[in-house]
Amino acid sequence: MHVLFVCNSNVCRSVIAERLTRAFAAEHGLPGLTAESAGTRALVGFPPDPMAAETIQGLGGDTTGFKARKLKPEMVDRADLVLTMTDSIRDQVGELAFGIAPRTFTLAEAHRIAKVTGAKSIAALHHARNNLAYVGRENIADPIGLSPAAFLEVGDRIAELLFPVLGALAPHEQTKLSGEDDRRGLVIAPGGPGGPLSAFLAAQRGR
């Protein structure tokens, strides 16, 4: 399962999600789970915002080698799942490639649908979407220019939404061709010491 995360500048929200996904894949032995990110108005070539980098590292991720990139149609084409930070960005992505809408969600939307329905595949998320329409916005605000506390809050929010979605979808997407019947639905598997899940959950306990 290749996941594309999209925000505006690609130096904060989407890179946090990308690098936490990579850490999650390594921690849980999911080599088929890969991730990249881009921005609709990217600061092309820039590294992550320093406070975003601290947030990623605090949650167990690694920012090595990252440079912001502008969203391109070919990135959308190769993604199995596109997760955006706002509904307006989701709609912009939908205009870039034919047939992308069934695999494009806001991160909060994907989490909500998976939690309510127990969906464990991208197709199941899309199938349930119209029956679970949400009146309102499911956006993750951009903390650029705000305080370190705002960055930490956004990082925690992304982790809180992202890890359950990955835990639900990635194992099924990786094993579905083997005929295994995974009925666990929305699950967070326990993480190892120092990993992103354990760091995140420890931070939550400390609140």
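For this chain, numbers begin at 1 and follow the sequence in order. We use all heavy atoms of the structure for the numbers below, so side chains are in, but hydrogens, waters and symmetry mates are not.
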With clusters defined by side-chain heavy atoms of hydrophobic residues (ILVMFWY) lying less than 4.5 Å apart, directly or transitively, does [Y] cluster with [X]?
X: V3; Y: I56; answer: yes
X: I89; Y: V44; answer: no
X: L125; Y: I158; answer: yes
X: F163; Y: M85; answer: yes
X: L107; Y: M75; answer: no

(message) For a side-chain contact (heavy atoms from CB on, under 4.5 Å) check, start with the C-alpha distance between D156 and L59, then their side-chain angles and the critical distance, and finish with the verdict.
(response) CA-CA 8 Å; D156 282 354; L59 289 167; 4.1 Å; yes
Nearest 0.5 Å, what's the [atom1]-[atom2] distance between [X] and [Y]?
X: L81; Y: I122; atom1: CG; atom2: CD1; result: 4.5 Å
X: I16; Y: C7; atom1: CD1; atom2: SG; result: 9.0 Å
X: F46; Y: N10; atom1: CZ; atom2: CG; result: 12.0 Å
X: L161; Y: L83; atom1: CG; atom2: CG; result: 10.0 Å
X: E138; Y: T106; atom1: CD; atom2: OG1; result: 5.0 Å
X: L162; Y: F5; atom1: CG; atom2: CZ; result: 5.0 Å

Heavy-atom pair with the smallest gap, counting every atom of [X] and [Y]:
X: G94; Y: I100; value: CA-CG2, 3.6 Å
X: L33; Y: A170; value: CD2-CB, 4.0 Å
X: L169; Y: A119; value: CD2-O, 4.2 Å
X: G29; Y: P31; value: O-CD, 3.2 Å
X: S37; Y: E18; value: OG-OE1, 2.5 Å
X: A17; Y: T21; value: O-OG1, 2.8 Å

(message) Run the salt bridge (charged side-chain N to carboxylate O under 4.0 Å, His left out) test against E109 and tell me which residues pass, sequence neighbours left out.
(response)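 If we apply the salt bridge (charged side-chain N to carboxylate O under 4.0 Å, His left out) test to E109, skipping adjacent residues, the hits are R90, R129.
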(request) Return the set of residues passing salt bridge (charged side-chain N to carboxylate O under 4.0 Å, His left out) with D142 (not counting sequence neighbours), or none when no residue passes. (result)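 Partners of D142 under the salt bridge (charged side-chain N to carboxylate O under 4.0 Å, His left out) test: R13.
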(message) Donor-acceptor check, side chain of R22 to backbone of A35, threshold 3.5 angstrom: yes or no?
(response)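 Yes: the side chain of R22 pairs with the backbone of A35.
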(request) Verify, without hydrogens or angle tests, whether N139 (side chain) and D87 (backbone) share a donor-acceptor contact under 3.5 angstrom. (result)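 Checked: pair present.
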(message) Just to verify, what does S9 make a side chain to side chain donor-acceptor pair (under 3.5 Å) with, not counting sequence neighbours?
(response)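 In terms of side chain to side chain donor-acceptor pair (under 3.5 Å), with neighbours along the sequence ignored, S9 is linked to no residue.
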(message) Between V15 and T63, is there a side-chain heavy-atom distance shorter than 4.5 Å?
(response)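 Heavy-atom side-chain distance check fails, nothing below 4.5 Å.
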(request) State, with a plain yes or no, whether a side-chain heavy atom of H111 is found less than 4.5 Å away from one of F105. (result)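 Not in contact.
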(message) Does anything in residues 38-60 form a side-chain hydrogen bond (donor to acceptor under 3.5 Å, both in side chains)? List the pairs, not counting sequence neighbours.
(response)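 Only N8-T40 qualify under side-chain hydrogen bond (donor to acceptor under 3.5 Å, both in side chains).
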(request) Would you mind listing every side-chain hydrogen bond (donor to acceptor under 3.5 Å, both in side chains) that reaches into residues 93-105, with sequence neighbours excluded? (result)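 For residues 93-105: none.
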(request) Sequence neighbours left out, what pairs pass salt bridge (Lys or Arg N to Asp or Glu O under 4.0 Å) with at least one residue falling in residues 57-75? (result)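 Those involving residues 57-75 are E36-R69.
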